[in-house]
Amino acid sequence: MSREIADHLRYYAELGVTGLSRDAKWRARADAVPEVRLKADATGQSATESLDLIETEIGPACTRCKLCTLGRTQVVFGVGHPKARLMFVGEAPGEEEDERGEPFVGRSGQLLTKIIEAIGLSREQVYIANVIKCRPPNNRNPEPDEVAACEPYLFRQIDVINPTVIVPLGKFAAQCLLKTTDPITKLRGRRFDYRGTTLIPTFHPAYLLRNPSAKREVWDDMKLVRAILQGDA
Ligand code: URA
């Protein structure tokens with residue numbers, strides 16, 4: 001038990017959280033986090049089928065853009081609950097994601113998992129996808145023709161999952177979803193209406209690995225996400 005508490009405190013410390021609130025209302029809210037409910041099973045079943053259809057349509061050997069000739073191992077579709085109320089969108093698979101076929105499993109992914117757990121959820125309860133489903137060579141930025149070929153599938157994933165909140169991770173995903181060239185520093189800290197959901201852009205975990213002090217702002221963003229999921233904001 002004390003080990004579990006120590007682990008939990010480490011998540012928070014890693015996220016840059018340095019204190020706990022004694023405010024009874026806030027504590028009651030925090031305790032309620034595990035109650036964040038997933039949508040009903042029947043719609044979950046049909047969402048699973050719809051996501052499977054999209055994945056099948058993309059196919060395991062997609063050739064819709066040049067990334068298929070530039071060394072990608074496999075298409076990395078997305079992972080998580082088909083009716084998640086919270087969805088994260090990253091940029092593109094990196095080396096480990098390309099090898100394992102799952103988004104955010106490398107170092108940034110491990111930090112993302114901690115961020116998810118810090119608001120009382122698990123990776124299985126949320127959905128994680130990328131704008132681009134194939135790894136760009138040497139992790140270069142995705143190019144406009146690659147985005148144009150791939151983003152319709154992300155939009156279809158979003159429409160099926162229909163989350164309450166979408167969190168684009170970093171500049172690339174935020175700019176792609178919002179169709180803006182505004183910098184992430186201008187986009188984060190704000191909430192946007194987006195395809196019937198609320199979009200809360202935040203920094204990319206890879207940026208947090210290079211700039212740990214920005215974890216504080218991400219924690220602020222995640223507290224807002226949690227409050228929205230609980231109907232408190
Ligand atoms: N960075 C991303 O944007 N997506 C991943 O899946 C991994 C790292």
Side-chain angles (χ1 to χ4, degrees), residues 54 58 62 64-68 70-80 86-113 115-116 126-159 161 163 165-195 197-212 214-215 217-218 220-222 225:
I54 301 169
I58 296 175
C62 178
R64 291 171 184 79
C65 85
K66 61 186 177 307
L67 291 176
C68 65
L70 298 176
R72 70 107 206 267
T73 307
Q74 57 186 316
V75 174
V76 181
F77 181 67
V79 69
L86 173 59
M87 177 169 179
F88 291 90
V89 178
E91 178 174 325
E95 190 176 4
E96 288 191 62
E97 290 77 17
D98 176 64
E99 271 167 24
R100 289 176 49 187
E102 181 173 331
F104 283 98
V105 289
R107 272 189 79 215
S108 354
Q110 285 158 21
L111 180 53
L112 177 61
T113 303
I115 290 168
I116 293 166
V126 306
Y127 196 90
I128 308 172
N130 284 306
V131 175
I132 296 283
K133 312 285 188 239
C134 291
R135 183 190 181 206
N138 303 317
N139 300 338
R140 67 150 164 74
N141 285 341
E143 294 179 352
D145 58 317
E146 296 157 3
V147 176
C150 217
E151 69 178 4
Y153 298 104
L154 172 67
F155 300 148
R156 284 171 59 190
Q157 284 173 297
I158 292 172
D159 289 344
I161 297 161
V165 180
I166 299 175
V167 176
L169 297 163
K171 163 188 141 163
F172 186 86
Q175 291 183 343
C176 169
L177 292 179
L178 290 167
K179 296 289 169 238
T180 175
T181 53
D182 286 350
I184 185 69
T185 43
K186 195 166 160 208
L187 298 174
R188 80 141 292 281
R190 294 166 60 191
R191 56 194 283 179
F192 299 85
D193 290 331
Y194 180 80
R195 288 173 104 91
T197 72
T198 300
L199 195 138
I200 312 275
T202 196
F203 293 131
H204 195 287
Y207 174 79
L208 297 184
L209 291 171
R210 297 191 301 274
N211 301 277
K215 287 178 185 173
E217 281 133 302
V218 171
D220 287 342
D221 298 335
M222 295 311 295
V225 167

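Since the model is a prediction, treat every value here as computed from it, not as a measurement.
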Got a donor-acceptor contact below 3.5 angstrom from the Asn130 side chain to the Glu91 backbone?
yes
Summary of salt bridge (Lys or Arg N to Asp or Glu O under 4.0 Å) pairs that have at least one residue in residues 98-113, sequence neighbours excluded
Glu102-Arg123
Separation between OH (Tyr194) and NZ (Lys179), nearest 0.5 Å, reads 7.0 Å
Sidechain-backbone polar pair: Arg190 side chain, Lys186 backbone, donor-acceptor under 3.5 Å
yes
Minimal non-hydrogen separation, Pro205 against Leu111, with atom names
O-CD2, 3.7 Å
When rounded to the nearest 0.5 angstrom, what distance separates CD1 in Ile54 from OH in Tyr153?
9.5 Å
Pairwise distance CG(Leu177) to CZ(Phe172) - rounded to 0.5 angstrom
10.0 Å
So do Leu187 and Phe192 actually touch side chain to side chain, heavy atoms under 4.5 Å?
yes
Gap between atom CD1 of Ile166 and atom OG1 of Thr197 - 0.5 Å precision:
3.5 Å
Flag the pair Leu169 / Phe104 as yes when at least one side-chain heavy-atom distance between them is below 4.5 Å, and no otherwise.
yes
Less than 4.5 Å apart, any side-chain heavy atom of Cys176 and any of Glu151?
yes
What pairs with Arg72 under side chain to side chain donor-acceptor pair (under 3.5 Å), at least two apart in sequence or on another chain?
none
Quick check on Lys66: does its NZ atom have over 12 non-hydrogen neighbours (other residues, nucleotides or ligands) under 6.0 Å away?
yes
Looking only at heavy atoms, the pair that brings Ala92 and Pro136 closest together is CB-CD, 3.7 Å
Do Gln157 and Lys133 meet the criterion of a side-chain donor-acceptor pair at a distance under 3.5 Å?
yes
Give me the one residue out of Val225, Leu199, Val126 that meets side-chain contact (heavy atoms from CB on, under 4.5 Å) with Val165.
Val225
So how far is it from Glu146 CD to Asn141 CG, rounded to the nearest 0.5 Å?
10.0 Å
Polar side-chain atom of Arg188 near backbone of Val218 as donor-acceptor pair, under 3.5 Å:
no
Side chains of Val75 and Cys134: does their closest heavy-atom pair fall under 4.5 Å?
yes
At their closest point, which heavy atom of Asp221 faces which heavy atom of Pro201, and how far apart are they?
OD2-O, 3.8 Å
Shortest non-hydrogen contact from Ala174 toward Thr180:
O-CG2, 4.5 Å
Between Pro168 and Thr202, is there a side-chain heavy-atom distance shorter than 4.5 Å?
no
Taken to the nearest 0.5 Å, the spacing of Leu154 CG from Met87 CE works out to 5.0 Å
Do the charged groups of Arg135 and Glu97 touch, with an N to O distance under 4.0 Å?
no
Do Ile128 and Leu112 have side chains that approach each other closer than 4.5 Å (heavy atoms only, starting at C-beta)?
yes
Restricting to non-hydrogen atoms, name the atom on Ile132 and the atom on Pro93 that form the minimum distance, rounded to 0.1 Å.
O-CD, 3.1 Å
Under 4.5 Å between any side-chain heavy atoms of Leu70 and Arg140, yes or no?
yes
Between His204 and Phe88, does the ring centroid distance fall short of 6.0 Å?
no
With side chain to side chain contact (heavy atoms under 4.5 Å, CB included) as the test, would you mind laying out the steps for Lys215 and Phe203 before giving the verdict?
CA-CA 8 Å; Lys215 287 178 185 173; Phe203 293 131; over 6 Å; no
